[in-house]
Amino acid sequence: MEVVLTPRITPAGPLGLEAYRVAGGYTSLEAAFDLKPDGVIDVVEAAQLRGRGGAGFPCGLKWRLRGSDAPKPRYLICNLDESEPGTFKDRVLLYGDPHQLVESMIIAAYALQVQRAFIFVRGEYAQGASGLTTAIAEAEHAGLLGDNIAGSGFDLRLEVHVSAGRYICGEESALVNALEGRRPNPRPRMPRISAQGLWGQPTTVNNVETLVNVPHILRNGAEWFRNLGIHGGTGPKLYGISGKVDRPCLVERSMGSTARELIYEHAGGPQAQRQIIGFMPGGASTPFLGPDQLDVVMDFEAVAQAGSRLGTGAIIVLDDLSCPVAVVLNLMQFFARESCGFCTPCRDGLPYAAQILSDIVAGRGHVGDLLLLEELCEKIAPYSFCAFAPGATMPLQSSLRVFRDHFEQHLAEGGCPYANRGQRP
Amino acid sequence: MTAFEIDARQVPFNNGDNILKAALNAGVEIPHFCYHHALGSLGACRLCAVEVKPEQPEQRPRVVMACMEPARAGLKVSVAAPAALRARQGVIEFLMTNHPHDCPVCDEGGECHLQDMTVACGPPYRRYRGRKRTFINQDLGPLVHHEMNRCITCYRCTRYYQQYALGTDLGAMRLRNEVYFGRFQDGPLESPFAGNLVEVCPTGVFTDKVFRSRFARVWDLDTAPSICPHCSVGCNTLPGARLGTLRRVRNRDHAELNRWFLCDRGRFGHQYTEHPERPWQARVRGQTVNYSDALGAALDQLQRAGAAVAGVGSPREDLESNALLQRLIIRHGGFFAAFTDPGIEAATAHAVRYINRMGTPTLAAMEHADAILVAGELTAVAPMMDLGVRQASRNKAKVGVIHHVADPLATLADYDIRLAPRQTSVALKRLQGMIATTAEQSSGDEHGLAQLAATLMHAQHPLLIGVVETLGAYGVAALAKLAQSLGGQAALAYALPGPNAYGAAIVNEDGATQKVLEAVETGKVRCLVVTAADPLGDTRTGWRWREAVGRLDSLIVMDCVDSATVRAADILIPTAAWAERSGYFINYEGRVQCFDRVFERDKPLPASVAVIADLANALDLGAGEPRVAIADLLPGIALPLAGEPGIRLTPRVRLDVPPPIESVAGATGHWQVGLASWYGDDPLADHAAALSSLAPASTATIAPDTARIAELATDARVMLRGPAGSLPLPLCIDANVAEDTVALPRSAMCQIGVGHGGYVELEAMP
């Protein structure tokens, strides 16, 4: 597949404005400004670009549903608060090619007729944010940002906000609260952020990877974009493969590549003499799949049919030296720690589950603990305020299915059977 | 109004209601924590899970949060459904993983919402095997105790404190299961409404520190419906007593007044009833006597004085005592006044007549104003009116405050207009002039008055609130005229000087205070009877009273707190505090409300009305029946019972009010005095130990520019000279004081003999 999003990303560092232009950068602006804003949305819709942040919502539809008559001012926010364990695609886009992001923001803002846009960057990516700030300054200096961009009559101010931290800031309504300077608690589902978001105004929040596809769609057309995907997927996708593989890596492949191809061809498969016992297909908040599902097509529907979620496309692999119970304990401790503390099931339920898991790993498990864990998941996920707790319980719930024998072995042997094998994850 | 169904009961709802709100209004209980009527829905606790039956056959029942789900006609809701029950049990079990099992020793026990909910829905046994998370508590000052381990993270406290009461020094910090509700660091809570945390908190995180210091189990408390005795708002309260002592005061809902909340003075001021120096023993010329001997001595003095008697009632005395004392004294041929300062009398009388003529809004109605002008330091005088203004401000009302000294409300105002006391009525007249001429852009508008005038003019529901004590009669009239010039939509309210100031005003004859004071000064009066008033401690006239009482044969005093007048009494008859008797107050709206006796002390003191009745009966004046005295005063009014919402007096128009004349007579000195009272400052609450420990230091406070012009250094001590003497005070510089004004506490004003708006000399001390 033609590499679209990442060819300019090299160990030498990001391209400056001139080099980026030489590489074909900012040429999509012309194509965009030749169209009416709705025309840009038409093209994005025709390309069937789906949100890359995890939910897979069609990007063009999201833009159209905000409405061209939405009250002004409206805002656009790029969600670059990448905090999902195992996920490092946005980071590469930020550090490696900031001008691509700036160009994408200009087009998206034009399509949405937004005059003020924000890029919300994860706190740990401060260095990338500073590179992005430099890119924005270059673009401003070149008349690509500010008033009357490239003579189009379109104005845009683009601002970088470095997050004060926490996983939950990646949830769009929590992100909006954080940007307003409030506690990053998620907001109620209604009114929608698209209607009353930042400072009560219509707000569109898109993931970085979603946005950076847009200039390429405008340059090369919707059909070209759709054809980049395989097995029913559309466009390119950044897949990260980490965990117990030979060469953890980030690759840009067709949306719809199989997990087996990604793990074996690009990440070198499991380490020598080891067997894959399971994997998470889309980051730490997606259900585990077993080795029998390695041929799953890594697209939204296919992964959902297999019982998991594509999420961010960040595959985490477990081999036969990884204790899955310890992995799940680690994850639950992470999610318990990252809960914003707003609603009861998440705030107090997740530490409860983590406590049971730590008892099981330490050999203090009780008969009935697995039933209790299942019960907790059923009492946490459906009744929590936002999607955080359902995401947090999915790995636990699925591990109780996929790795049931490991859990039972822990209970029967009074502790972790992997402890004696000299290696624990 | 349409309805929906909860477990086969029809529940009516208003448009925009959610299931929980409609259910609670209809008396259908749905367990909940974070929802609060005043604070609305949050969706955080997840306890109000209910099942909604499918509306289409192919749908499945859904469990939703009742506080987040809009009520709709035809909705079928089940609280009892097993799925909803299971969800609620989960929430309770999760909360109890960290909540300490300290109910047997917890102050909240017995009125703990968490306890109730746990018993009502929770699993009966504990399964969680881990450690509980623990916190370090903070010292939040003398009023509110902090016990964070009990927290269930419902966010009610911060929502109340920050969003409702507009406080800034308490908030949520940290995250996950370590969310901490407290201050940035230890220290007294700054909001005048902080005490409501005690009731807002559904468990024992914030508890009443005063109650805690002398605790009783809440089910052991004697309670009765009462009315707050600390200001003219007349908030409804529920005091609690145990073993003959008063322990605490809680809010009692009144739909048009205080509803869910009380100010800190109302909540913690009751400690005056337990003050060690409260007069407990009757006294005749320095000798401790029993009640009947004191009564005999008083009778003797009254008989001996013949018609040369005078009586002084009080705006903090109940209606029947004022009315009965007035009857007794008048029938005896003497003079009666219900005030101690002729200026306050005139101002109150005018205020009462204006609201009689023009009507006045309830506290609840004030929240719907869209532009408000407050003339005076409202937080100090009627704190709950201030809280009402804060609600209007939250509803986007523009608020202007004309004040003289530092004022919490002014810091939140859109128009913060700082003026020397005597310039207030000038400013009010200018505003009126601007509105009359619709001149929006008047020139030389140095105080933002023109903008304020335009805001008031363009408002649909403008509201003017005046503080009677500091406005004076002239300012009261100027504010009323301003309201009239705004037309029929404008609402007018006055914060009157005492819980029964309205009642005192209708008992009092115009000019009576001046007559009584002069009669005492000229020796026409031999015997003076004072009930629940402190003429000798008055700011403006106290020094005259102090000189004049020397000419009396006897000063007979009835009161329940220590005061200069009590100390000077020849015959002292200690009386019951408000919770130890029943009575009537008339609040700022002209609402007659009854307070019931809450408890009896081991050695009960008589109610002042009983003492006066005993005197009247012994003198055979036929004035001894309090109800008759009230009936004569309020003909045709069926008096309300305690616990009822009270009866608002229909306007009794007395239009022949002579317009007050502003007098600057006797003005010597170059500094105008502004009364620097604060929200704990009240003749009664001053004796409440915990509350008054928060009192600001006694200083002479002036504005920085004024200090610079007068060449006064920040750390100077100054000597103040007034008609009654001089007083050294430390200087304090505060930008919230008007120029050319010196802000003084009440006690200092009394010592030097000036009232608010009076003049003093001030000079630096070497």
Side-chain angles (χ1 to χ4, degrees), chain A residues 164-169 173-174 178 182-190 333-360 362 364-366 368-369 371-373 375-386 388-389 392, chain B residues 18 32-34 40-50 62-65 67-70 83-99 114 117 123 126-133 151-155 158 162-163 171-181:
Chain A
R166 309 325 291 195
Y167 178 89
I168 193 64
C169 293
S173 64
R182 301 173 195 277
R183 287 178 67 83
N185 294 336
R187 294 183 180 179
R189 223 175 24 251
M190 301 303 270
Q333 283 171 337
F334 169 81
F335 287 119
R337 197 187 67 211
E338 291 298 329
S339 167
C340 75
F342 183 73
C343 74
T344 308
C346 175
R347 179 189 64 240
D348 291 332
L350 296 178
Y352 189 170
Q355 195 276 328
I356 306 280
L357 283 166
S358 74
D359 269 7
I360 294 174
R364 294 191 300 266
H366 290 203
D369 273 357
L371 279 174
L372 177 56
L373 283 172
E375 182 192 331
L376 289 179
C377 290
E378 281 161 24
K379 284 182 171 173
I380 293 169
Y383 309 125
S384 58
F385 188 83
C386 75
F388 175 94
Chain B
N18 53 60
H32 61 279
F33 284 122
C34 64
S41 299
L42 185 68
C45 75
R46 317 309 276 177
L47 187 67
C48 64
V50 292
R62 296 181 297 140
V63 171
V64 299
M65 298 305 142
C67 72
M68 305 300 280
E69 191 76 7
L85 201 71
R86 209 172 132 81
R88 293 199 297 271
Q89 284 203 344
V91 169
I92 296 286
E93 184 177 13
F94 293 150
L95 290 173
M96 296 309 292
T97 59
N98 284 315
H99 188 82
L114 175 62
M117 292 300 118
R126 178 180 174 76
R127 294 187 292 183
Y128 177 64
R129 312 193 289 264
R131 292 167 63 90
K132 291 173 189 278
R133 59 108 171 82
C151 182
I152 59 164
T153 326
C154 68
Y155 293 85
T158 44
Q162 293 189 1
Q163 290 166 27
M173 288 165 277
R174 306 171 66 179
L175 69 175
R176 58 159 166 157
N177 63 353
E178 292 178 349
V179 179
Y180 189 91
F181 299 95

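Every chain is numbered from 1, with letters handed out A, B, ... down the list of sequences. This structure is a prediction, so every number in the text was calculated from the model and none was measured.
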What distance separates [X] [atom1] from [Y] [atom2], expressed to the nearest 0.5 Å?
X        : Y        : atom1 : atom2 : answer
A/Lys379 : B/Gln89  : NZ    : CD    : 5.5 Å
A/Glu375 : B/Arg127 : CD    : CZ    : 4.0 Å
B/Thr153 : A/Asp348 : OG1   : CG    : 6.0 Å
B/Leu42  : A/Cys343 : CG    : SG    : 10.0 Å

Are B/Arg86 and A/Tyr383 close enough that some pair of their side-chain heavy atoms sits under 4.5 Å apart?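 B/Arg86 vs A/Tyr383: side chains apart.
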Side chains of B/Thr97 and A/Gln355, heavy atoms from C-beta outward: is any pair under 4.5 Å?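 No; the side chains remain at least 4.5 Å from each other.
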Side chain, backbone, both or neither: which part of B/Asn177 has a non-hydrogen atom closer than 4.5 Å to chain A?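 Contact with chain A: backbone and side chain both.
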Quick check on B/Val91 against chain A: is it the side chain, the backbone, both or neither that has a heavy atom closer than 4.5 Å?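 For B/Val91, the contact with chain A is made by backbone and side chain together.
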Results of ring-ring contact (aromatic ring centres under 6.0 Å, His included) for B/Phe94 - residues two or more places apart only: none
Toward chain B, the part of [X] with a non-hydrogen atom under 4.5 Å:
X        : result
A/Leu350 : neither
A/Ser384 : backbone
A/Arg337 : both

Nearest heavy-atom pair of A/Arg364 and B/Arg129: which atoms, and what distance?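 Scanning both residues completely, I find the closest heavy atoms to be O-NH2, 3.9 Å.
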Who passes side-chain hydrogen bond (donor to acceptor under 3.5 Å, both in side chains) against A/Thr344, sequence neighbours left out? A/Arg347
Counting only N and O atoms by type, is there a donor-acceptor contact under 3.5 Å from the side chain of B/Arg46 to the main-chain atoms of A/Pro345? no
Quick one: which of A/Glu378, A/His366, A/Arg166, A/Glu338 has the most heavy-atom pairs under 4.5 Å with chain B, could you say? A/His366
Just wondering, more than 12 heavy atoms not from B/Arg126 lying within 6.0 Å of its CZ? yes
